[in-house]
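Everything below concerns the one structure shown next.
Here is the naming used below: chain letters follow the sequence lines, and residue numbers restart at 1 for every chain. This is a predicted model, so every value here is computed, not measured. Just so you know, these numbers use all the heavy atoms, side chains as well, and skip hydrogens, waters and symmetry mates.
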Amino acid sequence: MGRGFMVSIAEILKGRHTGKEVELRGWIYRTRSVGGKAFVVVRDATGIVQVALSRDSVPPDAFGAAEKALIESAVLVRGKVVEDKRAPGGFEIRADDFKVIHFAEKFPIQEDLSEEFLLDVRHLWVRSQRMTAIFRIRHTTFGAVHEYFRDHGFWEVHPPMITPSGSEGGSTLFELDYFGRKAHLTQSWQLYAEALVLAMEKIYYIGPSFRAEKSRTTRHLTEYWHAEMEQAWAGMDDVIKHAEGAISHACQRVAEERPDDVVAMGRTPEFLKAVKPPFERMTYDDALKILKKQGMDIEWGKDLRTLEERALTEGKSKPIIVTHYPRVTQAFYKARDPKHPDLVLAFDLIGGDGVGEIVGGSERETDLEAIKKGLKEQGEDPKAYDWYLDSRRFGSVQHAGFGMGMERLIQWICKLDHIRDAVPFPRTPARFAP
RNA sequence: GCCGUCGUAGCUCAGUCCGGUAGAGCCCCCGACUGUUAAUCGGGUGGUCUGCGGUUCGAAUCCGCACGACGGCGCCA
């Protein structure tokens, strides 16, 4: 064995090898035995299929091995593919040889498992059908976002992960010992993007960001993948179009390439195909009026909270966009609205199903003195940002950009209850292992 | 940062209110069964009851402290 016609389970289930003698390698998913027959359900990276063994049609040691091998043992099977209604999936392999490559120890994951235990054995749980479906959708989503930006003339450029300071306020930075000096893990490429955008004009990046926020919610990770873009000679409306475009493109690609996985997650490909621009748009003031009609009286200047975001997206099959937020509480680099000095040209793109903010973006402040003032208001020393301020001293031009949480996008596409399942090994305030 | 819930076999849990020899199902092991679908049936192995301290003749159970985890809010992507 091992030199025959090696096939994948997906091909078998499509009926491509029916009637043929094939070889298959994979891992035991379930086993059952009845007298002189053993049924071994085998999985590989493409699917699961039942292997049927008879005591008298395989070598004696092969039958014994099949009966003895525990779940997740690695196996090599040779046999004939037949269509059989009795088999789960409609196809099975009638084995004439069966070899155990590795006998697994007792696999700790059974039915009836607590969320906590599954997180403890995450390194084993990643083998599940559910997890691998999500990982495939994640793969397609990442590819689609790269594709979107490259197709629209953006350069992929890479900021450093180790930085002296942050952009969203110092309290959420992970500190690290840099040969005796304090350094931090990046929480956004913002400052570097604004330096690079004056060189490359249209830039993007997808990479990790780190936030030391003790947020115990279903949509926060301390380490997450951030898709960020920055564009020169552009305003808020220009980048909103790219946010809609990138998300729509990702939804189209996932619907086209992963329809089975989408269905497994409880969405339909049609739902994702309908996610096309433009998305419903409203100003912050509009949002407050809508909420007031629903009996939610929000004080002007307060950020929209989870409760309010849920109310606004209730029943919506596409994300919505809220623009023109009050300037108070916003980061220093966001541009004031020239028509309303109390507002900033900032927007959030908010997904339904409890996911909330997927994208946050803005036009950027171009005026040196306004930026310095904003930094001081945020409790920062402008001297520490002097290199960044050079972007406002040497050819400062209108520019805008956004950051998108890739796991939040995946959470929304896959309709996940919790963001941690959007990534193989989630990092949350309480857990950084395995 | 705030609020809440929980910790008993490898896993899921009961037992805690009202203190008295540690329980069930699944997993695993042994046996039976020639088409199982979470197979079924019979038998068996398996425990520092999260830790430390206190009350008591006696603590999984009552009290205190600690640790760990999960859920929700705030903040954000």
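Checked against ring-ring contact (aromatic ring centres under 6.0 Å, His included), Y325(A) has the following partners two or more places apart in sequence or in another chain: Y284(A). Under the ring-ring contact (aromatic ring centres under 6.0 Å, His included) criterion, Y192(A) pairs with W387(A), not counting sequence neighbours. Checked against ring-ring contact (aromatic ring centres under 6.0 Å, His included), H249(A) has no partners two or more places apart in sequence or in another chain.
Listed for the R122(A) side chain is a donor-acceptor partner under 3.5 Å among the backbone atoms of P424(A).
No contact: S209(A) has no heavy atom under 4.0 Å from any strand. Within 4.0 Å (heavy atoms only), E407(A) reaches no atom of the nucleic acid at all.
Pairing of rC65(B), defined by two Watson-Crick or G-U wobble distances under 3.5 Å, is identified with rG51(B). Across every strand in view, rG71(B) sits in a pair with rC3(B) that passes the Watson-Crick or G-U test at under 3.5 angstrom. Nucleotide rA22(B): unpaired (no Watson-Crick or G-U wobble partner with both distances less than 3.5 Å). Searching all strands for a Watson-Crick or G-U wobble partner of rC27(B) with both distances below 3.5 Å returns nothing. In this structure, rU16(B) makes no Watson-Crick or G-U wobble pair, since no nucleotide meets both defining distances under 3.5 angstrom. Base pairing annotation: rC33(B) forms no Watson-Crick or G-U wobble pair, as no partner gives both donor-acceptor distances under 3.5 Å.
The base of rC76(B) is paired with the side chain of R408(A) by a donor and an acceptor separated by under 3.5 Å. With hydrogens and angles ignored, no donor-acceptor pair under 3.5 angstrom links the side chain of S215(A) to the base of rC76(B).
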If you restrict it to nitrogen or oxygen atoms, what contacts under 3.5 Å exist between nucleotides 27-34 of chain B and the protein, and what is each distance?
{"from": "rC27(B)", "atom 1": "O2'", "to": "Q110(A)", "atom 2": "NE2", "distance (Å)": "3.1"}
{"from": "rC27(B)", "atom 1": "O2", "to": "K106(A)", "atom 2": "NZ", "distance (Å)": "3.2"}
{"from": "rC33(B)", "atom 1": "N3", "to": "G35(A)", "atom 2": "N", "distance (Å)": "3.2"}
{"from": "rU34(B)", "atom 1": "O4'", "to": "G36(A)", "atom 2": "N", "distance (Å)": "3.3"}

Between the protein and nucleotides 48-51 of chain B, list every N/O to N/O distance that falls short of 3.5 Å.
none

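Here rU12(B) presents its P atom at 6 Å from CZ of F117(A), a figure rounded to the nearest Å. What separates CZ of R219(A) from C1' of rG71(B) is a distance of 13 Å, to the nearest Å. Between the P atom of rC75(B) and the NZ atom of K214(A) lies a distance of 18 Å, rounded to the nearest Å. To the nearest angstrom, P of rG7(B) lies 18 Å from CG of L119(A). Going from atom CG of L118(A) over to atom P of rG10(B) covers 17 Å, rounded to whole Å. In this structure, the NE2 atom of H220(A) is 6 Å from the C1' atom of rC75(B), given to the nearest Å.
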What pairs of donor and acceptor atoms, side-chain ones from residues 60-68 of chain A against any protein atom, are under 3.5 angstrom apart with sequence neighbours left out?
none

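The phosphate of rC76(B) has neither OP1 nor OP2 within less than 4.0 Å of any side-chain N or O from R216(A).
Considering only side-chain atoms of R420(A), the nucleotide from rC70(B), rG74(B), rU36(B) that sits closest is rC70(B). Here the side chain of R211(A) is nearest to one of rC73(B), rG71(B), rC76(B), namely rC76(B).
Ion pairing of R43(A) with E72(A) is present here, as a side-chain N (NZ or NE/NH1/NH2) and a carboxylate O approach within less than 4.0 Å.
Scanning residues 348-366 of chain A for heavy-atom distances under 4.0 Å to RNA chain B yields E357(A), I358(A), V359(A), G360(A). Within a heavy-atom distance below 4.0 Å of RNA chain B, no residue of residues 137-147 of chain A is found. Across residues 294-309 of chain A, D303(A), R305(A), T306(A) each have a non-hydrogen atom less than 4.0 Å from an atom of RNA chain B (numbered order). Contacts with RNA chain B (heavy atom under 4.0 Å) in residues 82-94 of chain A: D84(A), R86(A), A87(A), P88(A), E92(A), R94(A), listed by number. Within residues 422-434 of chain A, the residues having any heavy atom closer than 4.0 Å to RNA chain B are, in order of number, A430(A), R431(A).
Across rG7(B) and rA60(B), the matching P atoms stand 15 Å from one another, rounded to whole Å. Annotation: rC6(B) and rU50(B) have their P atoms spaced 14 Å apart (nearest Å). Taking the P atom of each, rC26(B) and rG44(B) are spaced 14 Å apart, rounded to whole Å. Of the C1' atoms belonging to rG53(B) and rU12(B), the separation is 32 Å, rounded to the nearest Å. When the C1' atom is used for both rU21(B) and rG10(B), the distance is 25 Å, rounded to whole Å. Comparing the C1' positions of rA14(B) and rU61(B) gives an interatomic distance of 14 Å, to the nearest angstrom. Nucleotides rG42(B) and rA24(B), compared at atom P, are 15 Å apart to the nearest Å.
When only modelled atom types and interatomic distance are considered, Y388(A) and E194(A) share a side-chain donor-acceptor pair under 3.5 Å.
Counting heavy atoms from C-beta outward, L312(A) and I320(A) have side chains that approach closer than 4.5 Å.
Applying the side chain to side chain donor-acceptor pair (under 3.5 Å) definition to pairs two or more places apart or across chains, those involving residues 96-109 of chain A are R78(A)-D96(A).
Evaluation of F39(A) against the base of rG35(B) yields no stacking contact (centre distance < 5.5 Å, interplanar angle < 30° required).
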